[in-house]
Amino acid sequence: MLELVNLSNDITDTEGLLGGNSAQLTSFLQRHHLDGIEFMCCAPWDKSFHQPDIIKGFHLWFWPSWLDFWLENEQALLREFGSWEKVESCFGASREAWLDRWAANFQQAADCGAEYAVFHVAQARSSEIRCRSFAYSSAQVIEAVLDIINQLTARLPSEMALLYENLWWPGLDLTLPALVHELLAGTKHKCGIMLDTGHLMNTNTRLCCESQAADYILRIVDSLGSAAGSIQGVHLHTSFSGEYVEKERQRHNQPEYNLSAGEIMDYVLKVDRHQPFRTAAARRIVDAVQPRYLVHEFVPENYEDWENKLVQQQKVLYRRL
């Protein structure tokens, strides 16, 4: 099992976490016995900083709300974005232009030489996220993802696995096994699943402790049948936000338009908390799933917070209590 941490080359990671010091990154990985990073490329790639030999995984970009654009639902696009200028700024002038952006990102994954690339399978309009009343079904999202992904994977080396990550919005939330099988069977490239534990916890607002969360996660994994064997990676973290989600759903029980980027991000980060496990529930999950890749995935405030969260999770993972 390769043990990794998530990291991007966004300035908040490169400068905020590491102070622009590549030696600090090397020391961090060595000190915590990590095999490398799952990398997200948000800016021109500096190979002297995020060196190719430490990049084991590559996290592809994610557009949370894209299906209206793909299906050319012009009325919904204008209602969500407000103008064609904003639509084009987000996606490009056409479906082909958007696919070109995707193709460039897939090519970045290939250039990095990572062993796997992660693709989010989800769709949610910003107006829907608080009320959780969604226009599209998971089946519709997966059908469109297959249409897109099979036009793009030629950019990936044949040996690089494409790992689909679950979210709590329509798409791959792992609660509908038949759709999981459909996604895997319909992909014309070597593929599998990146199980995100916190995202799966976000599909059940009744969870209130790590023991319950582990029971729920392993019950969902078991329900996948043969597809459970396709889980190659785990993004390991917790997210107990059910009480907040339900309160927000009651307060905002209708779609809301013109939410600011700040309002959207504030809500998402309060739902998707990326906290470390604090009990042996972490070990139960990892022992049961036996992933090839284990990624400690956090959203740290600073370097000290990042290290503290990693140390905490590794303690319970390896029974250093």
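If you read the sequence from its start, that first residue is 1, and numbering goes on from there. Computation of the quantities below employed the complete heavy-atom set of this structure, encompassing side-chain atoms and omitting hydrogens, waters and symmetry-equivalent molecules.
For Asp68 and Arg79, the salt-bridge test fails: no basic side-chain N is under 4.0 Å from an acidic carboxylate O. A salt bridge links Glu307 with Arg31: the closest approach of a Lys/Arg side-chain nitrogen to an acidic carboxylate oxygen falls below 4.0 angstrom. The pair Arg219-Asp215 does not count as a salt bridge, with every side-chain nitrogen at least 4.0 angstrom from each carboxylate oxygen. The pair Arg292-Glu115 meets the salt-bridge criterion, since a charged nitrogen lies less than 4.0 angstrom from a carboxylate oxygen.
Other members of the hydrophobic cluster containing Tyr293, listed by chain and number, are Leu2, Leu4, Tyr116, Val118, Leu163, Met194, Val295; membership follows side-chain contacts under 4.5 Å among ILVMFWY residues, whether direct or relayed.
Enclosure of atom CG in Asn258 is not indicated, since only 12 or fewer non-hydrogen atoms of other residues, nucleotides or ligands lie within 6.0 angstrom. At most 12 non-hydrogen atoms from other residues, nucleotides or ligands lie less than 6.0 angstrom from CE of Met265.
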Criterion ring-ring contact (aromatic ring centres under 6.0 Å, His included) on Trp102 and Trp61, from CA distance to verdict: CA-CA 8 Å; Trp102 268 121; Trp61 296 336; 7.1 Å; no
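Applying the ring-ring contact (aromatic ring centres under 6.0 Å, His included) test to pairs two or more places apart or on separate chains, those with a residue in residues 237-257 are His199-His237, His237-His274, Tyr244-Tyr267. Legend: side chain to side chain donor-acceptor pair (under 3.5 Å) pairs involving residues 176-190, not counting sequence neighbours, sorted by first then second residue: Tyr164-Thr187.
The side-chain hydrogen bond (donor to acceptor under 3.5 Å, both in side chains) with Ser239 is formed by just one residue from the set Asp196, Thr197, Asn202; it is Asn202.
Using cut-offs of 30° and 60° for the angle between ring planes, the His59 and His235 rings count as parallel. Between Phe91 and Phe69, the ring planes are parallel. Angles under 30° get that label, and only those over 60° would be called perpendicular.
Here the straight-line distance linking atom CG of Leu156 with atom CZ of Phe58 works out to 9.5 Å at 0.5 Å rounding.
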